[in-house]
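Side chains included, hydrogens not; waters and symmetry mates left out as well; all remaining heavy atoms used.
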Amino acid sequence: MIRNAEVTDVPVIQAMIRELATYEKVPHEARATEEQLREALFGERPAAFAHIAESAEGEVVGFAVWFLNFSTWRGVHGIYLEDLYVRPDARGGGYGKALLRELARICVERGYERLEWSVLDWNVPAIDFYRSLGAVPMDEWTVHRLTDDALRELAGSHW
């Protein structure tokens with residue numbers, strides 16, 4: 001049901017990223033190309049990793065893309081889950097939980113002490129699902145982000 005992504009999965013991963021962006025009401029922000037994903041996931045030095053959820057019939061129904069982070073307080077790596085997505089017609093089939101279980105297994109096996117992700121505050125079904133697994137919201141933390149012009153300005157350039 002859950003397997004490591006392969007380079008041949010890149011087109012379906014990209015398609016599901018676009019589906020996720022549409023669900024999150026920002027389809028214009030999903031700009032990653034297949035080439036970028038291929039390089040990030042399968043290049044000489046992968047920056048991210050992916051797992052695929054398949055139905056019993058072998059149809060790709062979901063994915064997780066993640067990367068390593070590091071806790072200076074705990075002194076060990078953790079996993080940051082960038083995207084978790086299960087196609088609407090497959091939701092409720094246990095695929096999301098199976099993807100998270102695989103990432104938790106990797107954490108435990110490798111001695112990582114955290115599995116973290118962000119969720120939109122309006123996505124109540126996802127929040128309820130994550131809480132049912134024992135996930136704790138980090139309500140006292142606020143994510144900050146620099147992109148586009150603000151990122152370039154801080155870098156001291158106007159590329």
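Of all the heavy atoms in Arg114 and Cys107, the pair that sits closest is O-SG, 3.6 Å. Summarising the geometry of Val7 relative to Pro11, their closest heavy-atom pair is O-CD, 4.4 Å, with the distance given to 0.1 Å. Residues Gln14 and Thr33 share a closest heavy-atom pair of NE2-CA, 3.6 Å. When all heavy atoms are compared, the tightest approach of Arg91 to Tyr23 is NH1-CE1, 4.2 Å. Minimum heavy-atom separation, Leu84 to Ala64: CD1-CB, 4.1 Å. The two residues Glu6 and Phe42 make their nearest non-hydrogen contact at C-CZ, 3.3 Å.
Atom CD1 in Ile79 sits 8.5 Å away from atom CG in Asn69 (nearest 0.5 Å). Once rounded to the nearest 0.5 Å, the distance linking CD of Glu29 with CG of Leu20 reads 11.0 Å. Asp9 contributes atom CG, which lies 10.0 Å from atom CG of Asn4 (distance to the nearest 0.5 angstrom). Between the CD atom of Glu59 and the CG atom of Asp89 there is a distance of 6.5 Å, given to the nearest 0.5 Å. In this structure, CD on Glu116 lies 12.5 Å from CD on Glu82, to the nearest 0.5 angstrom. Distance OG/Ser55 to CE/Met1: 9.0 Å, rounded to 0.5 Å.
Residues Tyr80 and Tyr130 do not share a hydrophobic cluster, defined by chaining ILVMFWY side chains whose heavy atoms lie under 4.5 Å apart. With hydrophobic clusters built from ILVMFWY side chains whose heavy atoms lie under 4.5 angstrom apart, Leu99 shares a cluster with Ile127. Hydrophobic clustering of Ile, Leu, Val, Met, Phe, Trp and Tyr side chains at less than 4.5 Å, counting indirect connections, keeps Ile17 apart from Leu103. Using a 4.5 Å cut-off between side-chain heavy atoms of Ile, Leu, Val, Met, Phe, Trp and Tyr, with links allowed through other members, Leu115 and Tyr95 fall into the same hydrophobic cluster. By the criterion of side-chain heavy atoms lying less than 4.5 angstrom apart, applied directly or through intervening Ile, Leu, Val, Met, Phe, Trp or Tyr residues, Ile2 is not grouped with Val12; the two fall into different hydrophobic clusters.
Inter-residue side-chain proximity for Val60 and Ile13 is flagged as unmet; no heavy-atom pair is nearer than 4.5 Å. When side chains are defined from C-beta on, Phe67 does not count as touching Pro46, because their heavy atoms never get closer than 4.5 Å. At a threshold of 4.5 Å between non-hydrogen side-chain atoms, the residues Lys25 and Leu120 do not count as touching.
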Go through the steps for Ser71 and Glu113 under the test side-chain contact (heavy atoms from CB on, under 4.5 Å), then give the verdict. CA-CA 9 Å; Ser71 170; Glu113 296 188 12; over 6 Å; no
Under the side-chain contact (heavy atoms from CB on, under 4.5 Å) criterion, do Ile106 and Phe49 qualify, and how do the steps go? CA-CA 12 Å; Ile106 291 168; Phe49 308 92; over 6 Å; no
Between Leu81 and Leu100, does a side-chain contact (heavy atoms from CB on, under 4.5 Å) hold up when you go through it step by step? CA-CA 9 Å; Leu81 175 61; Leu100 286 169; 3.6 Å; yes
Start with the C-alpha gap between Arg87 and Phe63, add the side-chain angles, then the distance that decides, and say whether side-chain contact (heavy atoms from CB on, under 4.5 Å) holds. CA-CA 9 Å; Arg87 287 185 157 152; Phe63 78 101; over 6 Å; no
Side-chain donor-acceptor distances from residues 131-144 under 3.5 Å, at least two apart:
residue: Ser132; atom: OG; partner: Phe129; partner atom: O; Å: 2.6
residue: His144; atom: ND1; partner: Thr142; partner atom: O; Å: 3.1

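Using a cutoff of 4.0 Å between basic side-chain nitrogens and carboxylate oxygens, Glu35 and Arg38 are not scored as salt-bridged.
The salt bridge (charged side-chain N to carboxylate O under 4.0 Å, His left out) check on Asp121 picks up nothing, with sequence neighbours excluded.
The backbone N or O of Val65 sits nowhere less than 3.5 Å from a side-chain atom of Asp83 that would complete a donor-acceptor pair.
With a 6.0 Å radius and a threshold of 12 heavy atoms from other residues, nucleotides or ligands, Trp73 has its CH2 atom at or below the threshold.
A perpendicular orientation is assigned to the rings of His77 and Tyr112, their planes being inclined by more than 60° (bins at 30° and 60°).
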